[in-house]
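Throughout, a chain's letter reflects where its sequence line sits, starting with A, and its residues are numbered from 1.
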Amino acid sequence: MLAVLAALLAVCAWAWCAHEQWSTIVPAGLQIPHVDVHRFFSASLLRRSTSYERFLDVDGLLEMLAPVAVLAVYACRGQRLMRESAAGRIGTGILLALLGFALVWLSEVPFDLAALWWERRHHVVHEGYIAGLFGSFLGLGVSFVWIALAVALAMALAGKMRRWWWVVAAPLFAALALLSAFLSPYLITKTHPLRDPALVAEARTLEAREGVSGTPVLVQNLGRRTTTVNAETAGIGPSQRVVLWSTLLDGGFSRAEIGVVMSHEFGHVARAHVLKQVGWLALFLIPGMALVALATRRRGGLGRPEAVPVALFVFVVLELVTLPFFTLVSRRYETEADWSSLQATHEPAATRQVFQRLASTDLSDPDPPTWAYLLYAQTPTLAQRIAMTEVWEERGSR
Amino acid sequence: MAADIPVNTQLPGRGPVRLVLSDDLERKRLTVGFRWLLVIPHFFWLGIWGIGAFVAALANWLATLVTGRPPVALHRFLALYVKYATQVYGYFLLGAGPYPPFDGRPGYPVDVEIDAPAVQSRLTVAFRIVLVLPALLLAGALFGLPSTNSGSSGQLFSFSLGVAHVAAFLGWFVCVVRARMSRGLRDCVVWGVGFGAQLWAYLLVLTSAYPDPDPAVVLGELPRRSDPVGFEAGENLRRARLTVLFRLPLAVPHLVWLALWSVVALFAAVANWVATLAQGRSPAPLHRFLSAYLRYQAHVYAFLLLIGNRFPGFAGGAGSYDAEASIAPPHTQNRWSVAFRLLLVLPAWFLASTFGSLAWMCAFLAWFAALVTGRMPRRLLNASAQALRYTLQVSGYVLVLSDAYPYSGPSRQAAATSAPAAAESAFG
């Protein structure tokens with residue numbers, strides 16, 4: 001009886017947290033009409049962006065499925081690699097996990113190279129194949145540190161707590177995710193502070209309007225690597241900062257348009273979107289870890305290294321299954337940041353102009369097919385964003 | 001410490017290019033002091049001879065490509081050139097005492113024997129200049145090679161210091177003070193010189209035997225030592241291709257853990273230094289902790305450098321890994337040597353940096369070999385293990401685990417003993 005009550009309480013707490021994180025400042029019941037993309041984009045640009053994105057969508061889909069296939073085989077046969085370890089129970093588990101992710105990386109390489117070839121062909125990315133591959137290989141080392149830490153924690157807990165390790169592991173992993181989010185801004189390289197005094201003044205004004213005064217704004221030099229335009233918000237609390245790609249400031253965008261982008265990012269800061277995303281991860285980690293614990297029971301539980309390949313497989317499958325939900329959350333927060341930016345700048349024309357420009361600089365398909373939208377789209381489509389700008393404008397004029 | 005091989009060494013079965021060592025380690029201070037000047041006529045003569053050797057080498061390459069065997073006359077001329085170059089570098093780098101003859105005649109304390117012409121594969125002859133590249137990279141680390149650097153004033157000529165050159169530099173001070181070269185440094189020098197002779201013989205198409213950096217092959221039998229800090233690579237040459245391919249990223253968690261452990265080890269080393277200075281021996285708990293740290297360091301680097309096959313544990317447990325460091329229990333240490341440990345270690349540190357380059361170069365080449373064959377080449381394993389053994393001894397010396405000075409020469413390790421080996425010289 002007590003267990004049922006505790007479970008009910010946990011479900012209620014989970015639902016309440018989810019509800020709190022789901023709410024945004026975008027007016028409830030806001031109807032976003034479908035806009036005719038031909039009103040805003042030329043036919044040739046639409047053709048080009050559609051062709052460009054479709055290749056990347058299919059390539060990305062294959063890249064997503066390949067690790068699942070690799071890990072399915074690895075779950076069956078990976079335990080043979082235990083003989084390559086002299087590291088004891090937890091160390092061997094770490095090795096199996098690292099090798100599993102190494103195989104995943106290997107399975108993704110052809111698709112990454114294909115994507116790079118396609119992006120280079122469309123002059124969107126300038127990075128060389130060797131540099132891309134080598135950079136990705138070295139990046140694997142950084143990921144391995146986190147994976148090793150996570151596996152060591154999970155296996156140590158599973159060794160002590162047997163079937164209930166996930167109850168402690170889920171919040172611990174959430175804490176790790178929080179730490180990772182906190183540290184991530186310090187791993188962004190090639191940055192410098194915003195130098196243009198007028199833009200600095202504009203940033204200060206917008207920060208004040210959004211209620212996030214003092215947020216550092218950095219510029220990341222990426223002009224030699226890509227022509228795409230982007231900006232991001234990284235970090236939590238004291239590490240929080242807005243990073244603008246140098247491609248945004250190379251003269252193609254007006255000051256008002258840059259202001260719109262900065263304001264959008266300040267919107268993320270004001271609404272604590274990074275923290276909320278970690279919150280969603282924490283919420284999903286609880287049932288996710290429970291499922292991993294359940295799936296690894298046949299191999300003696302996660303306390304045993306031979307269970308690690310199975311755990312990886314289950315984890316990656318869960319990641320794939322929950323992907324549409326996480327992209328939905330991301331789109332919801334991007335919509336909120338757009339709305340927040342419109343409220344702060346009152347610049348619907350400049351906002352619309354930004355979205356129109358993004359189609360040509362990034363070759364983003366303004367109206368992608370539903371499957372690609374559900375799987376990949378971290379932001380609303382350009383058509384939806386323009387439509388929302390028009391709705392905001394109409395509401396303002398009323 | 002006991003070197004169980006006679007000073008005059010000539011061992012068969014070491015390939016067609018064999019180093020013959022009959023050096024007694026005695027050096028005249030005067031000739032050592034002015035060695036750089038004394039060797040100038042030899043370098044001048046070597047340069048002139050080199051012009052002839054270049055032309056002869058081209059002719060030898062063509063003739064061998066056509067007939068499959070080097071002509072006797074050309075072979076004799078080029079072999080003599082290699083012998084002479086070996087003697088000159090042996091003298092220059094303090095590997096020998098007497099002034100060498102100008103004709104490369106046999107009998108010099110650092111000499112080389114080259115077998116008579118034999119049939120060679122035409123394919124390897126044709127691509128000799130390409131095939132020699134990995135050996136050249138190794139020679140750069142072991143012996144030192146000229147190179148160019150791009151500076152603000154354009155291309156600059158420079159020289160990458162190899163183990164042999166640094167050993168000679170340190171050996172110069174030893175000889176000036178003691179009128180005797182240390183065995184370890186001399187062996188380092190002749191290891192480099194001997195490998196250089198093999199390289200030249202291969203490049204000049206005198207032999208088809210690929211240069212072998214294994215010190216046991218270059219020098220013959222190695223002295224068996226029982227140093228307080230030792231290192232033995234395992235016998236197993238099998239390597240799992242998957243873990244070889246991802247060796248570097250797989251090692252990253254270990255490197256991070258090692259870095260964190262190093263922070264604690266730094267404080268422990270300082271405490272150990274103070275305690276050893278006061279008591280004359282390292283306190284058991286600190287010695288145990290620092291030994292575990294040093295063993296873990298050995299495991300991680302052995303894994304990273306492909307000396308070991310399996311993924312090591314994170315605790316540095318004794319006997320837990322394929323390639324194992326042996327560390328003697330605490331023993332009485334000379335307080336003077338403890339007090340000035342950081343100063344005393346500087347020469348060893350200098351040499352250890354070149355050994356580090358050698359180990360990395362071996363690992364770089366072995367990575368490709370192991371990925372293709374699934375085996376670690378024995379020759380690279382042994383060279384790399386010597387380099388790692390020396391760097392571990394330097395670390396053990398810095399951590400005040402022992403007052404035995406790191407032994408620089410290639411050696412075989414017996415089990416570590418509680419008493420330190422009687423160091424042959426301050427630079428081992």
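Using a 4.5 Å cut-off between heavy atoms, A/L138 contacts chain B through its side chain alone, with no backbone atom that close. For A/I147, no part sits under 4.5 Å from any heavy atom of chain B, backbone or side chain. B/L248 touches chain A through its side chain: at least one heavy atom from C-beta onward sits under 4.5 Å away, while N, CA, C and O do not. For chain B, no part of A/W146 is nearby; none of its heavy atoms comes within less than 4.5 Å. Residue contact with chain A, scored on non-hydrogen atoms closer than 4.5 Å, involves the side chain of B/R238 exclusively. Only the side chain of A/A148 comes within contact range of chain B, with heavy atoms under 4.5 Å apart.
Counting non-hydrogen atoms of other residues, nucleotides and ligands closer than 6.0 Å to CZ of A/R297 gives a total above 12. Annotation: A/W117, atom CH2; neighbour count of heavy atoms from other residues, nucleotides and ligands within 6.0 Å is above 12. Atom CZ of A/F315 has 12 or fewer heavy atoms from other residues, nucleotides or ligands within 6.0 Å. Atom CZ of A/R299 has more than 12 heavy atoms from other residues, nucleotides or ligands within 6.0 Å. Other residues, nucleotides and ligands place no more than 12 heavy atoms under 6.0 Å from the OH atom of B/Y301. Applying the 6.0 Å contact sphere to OH of A/Y186 captures more than 12 heavy atoms from other residues, nucleotides or ligands. Summarising the local packing, CZ of A/F137 is surrounded by more than 12 heavy atoms from other residues, nucleotides or ligands at distances under 6.0 Å. Surrounding CZ of A/F134 are at most 12 heavy atoms belonging to other residues, nucleotides or ligands under 6.0 Å away.
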Determine, stepwise, if the pair B/L242 / A/L99 fulfils side-chain contact (heavy atoms from CB on, under 4.5 Å). CA-CA 8 Å; B/L242 185 65; A/L99 286 177; 4.0 Å; yes
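A 4.5 Å side-chain heavy-atom check between B/F314 and A/I94 finds at least one atom pair inside the cut-off.
Note on A/L95, A/L98, A/I90, A/V145: by heavy-atom pairs under 4.5 Å with chain B, the leading option is A/L95. When B/L250, B/T243, B/L245, B/D322 are compared by the number of non-hydrogen pairs under 4.5 Å with chain A, B/L250 comes out ahead. Among the candidates A/G141, A/G91, A/A86, A/A87, the residue making the largest number of heavy-atom pairs closer than 4.5 Å to chain B is A/A86.
Closest heavy-atom contact between A/F144 and B/P249: CD2-O, 3.2 Å. Looking at every heavy atom in both residues, A/A102 comes nearest to B/F246 through O-CZ, 3.3 Å.
Distance CZ/B/F311 to CG/A/L81: 12.5 Å, rounded to 0.5 Å.
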